[in-house]
Amino acid sequence: MQADELRVRDVLEALVAAAIGARAAEPELLGGQRAHGLHELRLLPEALLDERERCLLHVGSPFDAREGPGPEPARLARRCPIWTGCTSSLVRCGKRGFYHPPPPPRNVHRAKRRPMSSAPSDRPRVRFAPSPTGYLHIGGVRTALFNWLWARKTGGTFVLRIEDTDQERSTPENERVIIDSMRWLGLDWDEGPDVGGGHGPYRQMERLGLYAEFVEKLIAAGAAYRCSCTKEELDAQREALKARDPKAQFRYPGTCRDKKDHGGRPTVVRWRAPSSGSITYVDLVFGEVTTPNHTFQDAVLVRADGVPLYNLGAVVDDITMGITLVARGRDHMINTPPQIHLYEALGAKPPVFAHLPMMLAPDGSKLSKRHGAVAVSEYRDKGIPPAALLNYLARFGWSHGDEEVFSLRDLVDKFDWASCGRGDGKFDTKKLAAITFEHLKRPELTSDDAYVTGLMPFLEARGLEADDARVRTALPLYRERGQTWLETAEMMDYLFRAEPLIDDKSRTKFLTADKAEGLRDVARLFAGATDFSAAPLEASFAAYLAERGLSMKDLAQPVRVALTGRTATPGLFEVVVLLGREASVARLERAARLASEGAAPGA
RNA sequence: GGUCCCAUCGUCUAGCGGUUAGGACAUCGGCCUCUCACGCCGGUAACGCGGGUUCGAUUCCCGCUGGGAUCGCCA
């Protein structure tokens, strides 16, 4: 960001200086100042300007961006062909706007912050605002994550707000589920419904008075009006229009725009949408976005019962909660222009917006239940560590060179908006699995403690009484094998049972009558072993095999099945050591009995 | 259909005017081997199309095509 900033500034400096460099020869026109910017250019008589300079004045210069995001250089180029010569780096950097993050706090540990003191006003305040209409969606997690990362990186504040104005679908249980999911993920919030904060309440249904207040302001300012048209009337009109012309888009006809008397009928509040002009904002990831005003409708802001709709609720809350940056899914991009109009009508400064590209299903459609797991809880139930999930989600639409695997700490350090991509992506279960495996394998990402703690519930769910110490000893053998905690628990199952569960298939294939003797011999071998560790055990096993003219392959699988009930396990002798002499011998003897009762090979 | 947005291997992406277009996942070979993994070595695989700008475009501009979002008293 720093380097980019320098480069952009340098290039611009050079370009503008070149454009108006000749003006330096006319110091009297500039009151003796050197001409190197738009301000100076403005002082010159228009007749003296050349095409590029007029263009600069007309569309504005990126130098104006010092106060905030400026015009996108690409757009400059479009409107003035002379700018086409700008280098791509200039345009690309410019497209991200000129937003610079405030410096992170120095040596301030989160824990040391006084909980109730609000963060200094120059620090970002971001929010995640789910509606409790269902489980926490994986796409929502990514939105929450990006906001959270920004807050943690900059020392800002992360607010959790519950948007429960859809009373049909919102429930306290859903809110509970969302909060639990967020906690499991470790995306902690500084202000929210359960922790309080200086900008509460944090549920929209508890903020109704606030919306009423702001609506009055909007009405007084002429930016909104009451409307007594009923939903039924409007629906009928919409139907009628569709019947006449299926392609037509219904727009509220403005029936109540100037109506003062509603005869006691219930009224909603509508936005008085401007019909001409256009509105532009600079998105942190998409750059400059301009929308013509005539595309807006007089949308309903508040229902007849006083409950606000999304656009008003979000705007009022973001204003009153002091939100400085709104990062949300691209599906909200269309809401942004009207919202900015609302901010302006309310005399409030709009926050900076950052829209995230959509996370789609593998087939390119909207990611939903039918494509597999979308609820966070399902990932928890699969035994995927939260940091792994978050790692995958962060890498989705954001990159940091060639790096793929990040700890949460890395993400906080390295996250930035400039490295966010713009294209929608498709969710890839296999890639998530690979990232998860990476986290599970590396002790620096999942410590032994964390691994054991994460694994225990899955062992317990199998009805096993696993002891910590045993799991910990087994860990080195399983880190490279278990793709999830759920899998690891399944693979360790035999360690915590009196007798291994041997499935019929393995039994008929490997515990055949002709192996009974060998199994018995190996049991004796192990029983008499002087040094019960892997290498000596393997050596004596090998010696036994050699004596009989057998190879490892002849007896390894039967022994494996005897000990574990499975055909795939870590190295045989590691397993023997793990089980211990007594259990190993007992299991081999039991298997030998099963084998002699069993069928002949191939039967 | 209107408006907005997007476009590099199958997937996630690097690239910021000159590269043999890189990495990761997946996939296909091979090595290792008591099974399963891990690991290692190697292969296949991409700049949607057409114009411009430029000595030179994957990269900048325009158009097309394709995809997505949205058009509710859902959020």
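What you see is a predicted model; the values in this text were computed from it and never measured.
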Check your understanding: Stepwise, does the side chain to side chain donor-acceptor pair (under 3.5 Å) test hold for A:His355 with A:Thr336?
Key -> CA-CA 10 Å; A:His355 290 97; A:Thr336 305; 3.1 Å; yes
**Study point:** Ring centers of A:Trp398, A:Phe406 separated by less than 6.0 Å
**Key:** yes
Review point. Hey, does A:Lys231 reach any base, or is it just sugar-phosphate, or nothing, if we go heavy atoms under 4.0 Å?
Key: base
Point to revise | Nearest-Å distance once atom P is located in both B:U8 and B:C49 | key: 12 Å
**Study point:** Selection from B:U70, B:C34, B:A24 that lies nearest to any side-chain heavy atom of A:Glu404
**Key:** B:A24
Review point. Base, sugar-phosphate alone, or nothing: which one does A:His355 contact when heavy atoms must sit under 4.0 Å apart?
Key: nothing
Review point. How many angstroms lie between atom CG of A:Asn311 and atom CG of A:Leu342, to the nearest 0.5 angstrom?
Key: 7.0 Å
Review point. Any idea which of B:U13, B:C36, B:G22 is nearest the A:Arg395 side chain?
Key: B:U13
Check your understanding: Going by modelled atom types, is there a donor-acceptor pair between the base of B:C38 and the side chain of A:Arg481 at under 3.5 Å?
Key -> no
Exercise for review: Counting heavy atoms from C-beta on, name the nucleotide in B:G1, B:C5, B:C12 closest to the side chain of A:Val289.
Suggested key: B:C5
Exercise for review: Scan A:Gly397 against the nucleic acid and name what it touches under 4.0 Å (heavy atoms): base, sugar-phosphate only, or nothing.
Suggested key: sugar-phosphate
Point to revise | A:Asp424 (side chain) and B:G68 (base): donor-acceptor pair under 3.5 Å | key: no
Review point. Considering only B:G23, B:C74, B:G72, which nucleotide approaches the side chain of A:Arg169 most closely?
Key: B:C74
Exercise for review: Consider the side chain of A:Lys553, meaning its heavy atoms from C-beta on, and name the nucleotide among B:C73, B:A69, B:U35 that approaches it most closely.
Suggested key: B:U35
Exercise for review: Can you tell me the pairing partner of B:U70 across any strand shown, Watson-Crick or G-U wobble, with both distances under 3.5 angstrom?
Suggested key: B:G2
Point to revise | Validation row, ring centre A:His341 to ring centre A:Phe296 under 6.0 Å | key: yes
Review point. So what does A:Thr567 touch, heavy atoms closer than 4.0 Å: a base, only the sugar-phosphate, or nothing?
Key: base
Review point. When we call it a touch if two heavy atoms are under 4.0 Å apart, what does A:Tyr252 touch: a base, just sugar-phosphate, or nothing?
Key: nothing
Check your understanding: Are the side chain of A:Thr446 and the backbone N or O of A:Pro443 linked by a donor-acceptor pair below 3.5 Å?
Key -> no
Point to revise | 5' priority, RNA chain B, between A:Leu432 and A:Lys426 [closest heavy atom] | key: A:Lys426
Exercise for review: Please determine, for B:C16, whether a Watson-Crick or G-U wobble partner exists with both distances under 3.5 Å, and give it or none.
Suggested key: none
Study note, to complete from the structure: Taking a pair to mean Watson-Crick or G-U wobble geometry with both distances below 3.5 Å, B:C49 pairs with B:G63
Exercise for review: Assign A:Cys227 to base, sugar-phosphate, or nothing according to its heavy-atom contacts below 4.0 angstrom with the strands shown.
Suggested key: nothing
**Study point:** Touch class at under 4.0 angstrom, heavy-atom based, for A:Thr230 against every strand present
**Key:** base
Practice item. May I ask which nucleotide in the shown strands pairs with B:G39, Watson-Crick or G-U wobble, both distances under 3.5 Å? Key: B:C31
Check your understanding: Within the structure, does a side-chain N or O atom of A:Arg566 lie under 4.0 Å from either OP1 or OP2 of B:U35?
Key -> no
Practice item. Look only at the side chain of A:Arg328 and the backbone of A:Thr143, and say whether a donor-acceptor pair between them is shorter than 3.5 Å. Key: no
Review point. Base, sugar-phosphate, or nothing for A:Asn335, non-hydrogen atoms under 4.0 angstrom?
Key: base
**Study point:** Closest listed nucleotide, where the reference is the side chain of A:Leu572 and the choices are B:U13, B:C34, B:G10
**Key:** B:C34
Review point. Checking all strands, does A:Gln297 fall into the base, sugar-phosphate, or nothing category for heavy-atom contacts under 4.0 angstrom?
Key: sugar-phosphate
Review point. Which part of the nucleic acid, if any, lies within reach of A:Leu309 when heavy atoms closer than 4.0 Å are counted: base, sugar-phosphate only, or nothing?
Key: sugar-phosphate
**Study point:** From B:C4, B:C34, B:G23, nucleotide with atom closest to A:Phe573 side chain
**Key:** B:C34
Exercise for review: Quote, to the nearest angstrom, the P distance that separates B:U54 from B:C61.
Suggested key: 16 Å
Check your understanding: Given B:G10, is OP1 or OP2 found less than 4.0 Å from the side-chain N or O atoms of A:Lys430?
Key -> no
Review point. Looking for any heavy atom pair under 4.0 Å, which part of the strands does A:Pro292 touch: base, sugar-phosphate only, or nothing?
Key: sugar-phosphate
Check your understanding: A:Asp166 side chain: which of B:C73, B:A75, B:U35 is closest?
Key -> B:A75
**Study point:** Lys/Arg-Asp/Glu bridge criterion (N-O < 4.0 Å) met for A:Lys242, A:Glu239
**Key:** no
Review point. With rounding to whole Å, what would you report as the distance between B:A45 and B:U20 at their C1' atoms?
Key: 16 Å
Check your understanding: Do A:Glu480 and B:G39 share a donor-acceptor pair, side chain to base, under 3.5 Å?
Key -> no
Study note, to complete from the structure: Partner of B:C25 under the Watson-Crick or G-U wobble criteria, both distances under 3.5 Å, comes out as B:G10
**Study point:** Flag, side chain of A:His371 to backbone of A:Ser368, donor-acceptor distance under 3.5 Å
**Key:** yes
Exercise for review: Using a cut-off of strictly less than 4.0 Å, decide whether A:Arg303 has a side-chain nitrogen or oxygen near OP1 or OP2 of B:C74.
Suggested key: yes
Practice item. For A:Asp428 and A:Tyr392, test the side chains for any donor-to-acceptor distance below 3.5 angstrom and give the result as yes or no. Key: no
Practice item. Find the partner of B:A57: check Watson-Crick (N1-N3 plus N6-O4 or O6-N4) and G-U wobble (N1-O2, O6-N3) distances, both under 3.5 Å, and reply none if neither fits. Key: none
Review point. Is a donor-acceptor pair below 3.5 Å formed from side chain A:Arg422 to base B:C6, judging by atom type as modelled?
Key: no
Check your understanding: Taking only N and O in the side chain of A:Thr569, is any of them less than 4.0 Å away from OP1 or OP2 of B:U35?
Key -> no
Check your understanding: For A:Glu163, which contact category applies under a 4.0 Å heavy-atom criterion: base, sugar-phosphate, or nothing?
Key -> sugar-phosphate
Exercise for review: Select base, sugar-phosphate, or nothing to describe what A:Arg251 touches, counting heavy atoms under 4.0 Å on all strands.
Suggested key: nothing
Practice item. Please tell me which of the listed nucleotides, B:C74, B:C73, B:G23, lies nearest to the side chain of A:Val300? Key: B:C73
Review point. With nearest nucleotides of RNA chain B determined for A:Thr133 and A:Met552 from heavy-atom distances, which residue corresponds to the more 5′ nucleotide?
Key: A:Met552
Review point. Which value, in whole Å, describes the distance between the C1' atoms of nucleotides B:C31 and B:U11?
Key: 28 Å
Check your understanding: Is any side-chain N or O of A:Lys431 under 3.5 Å from a base N or O of B:A24, one able to act as donor and the other as acceptor?
Key -> yes
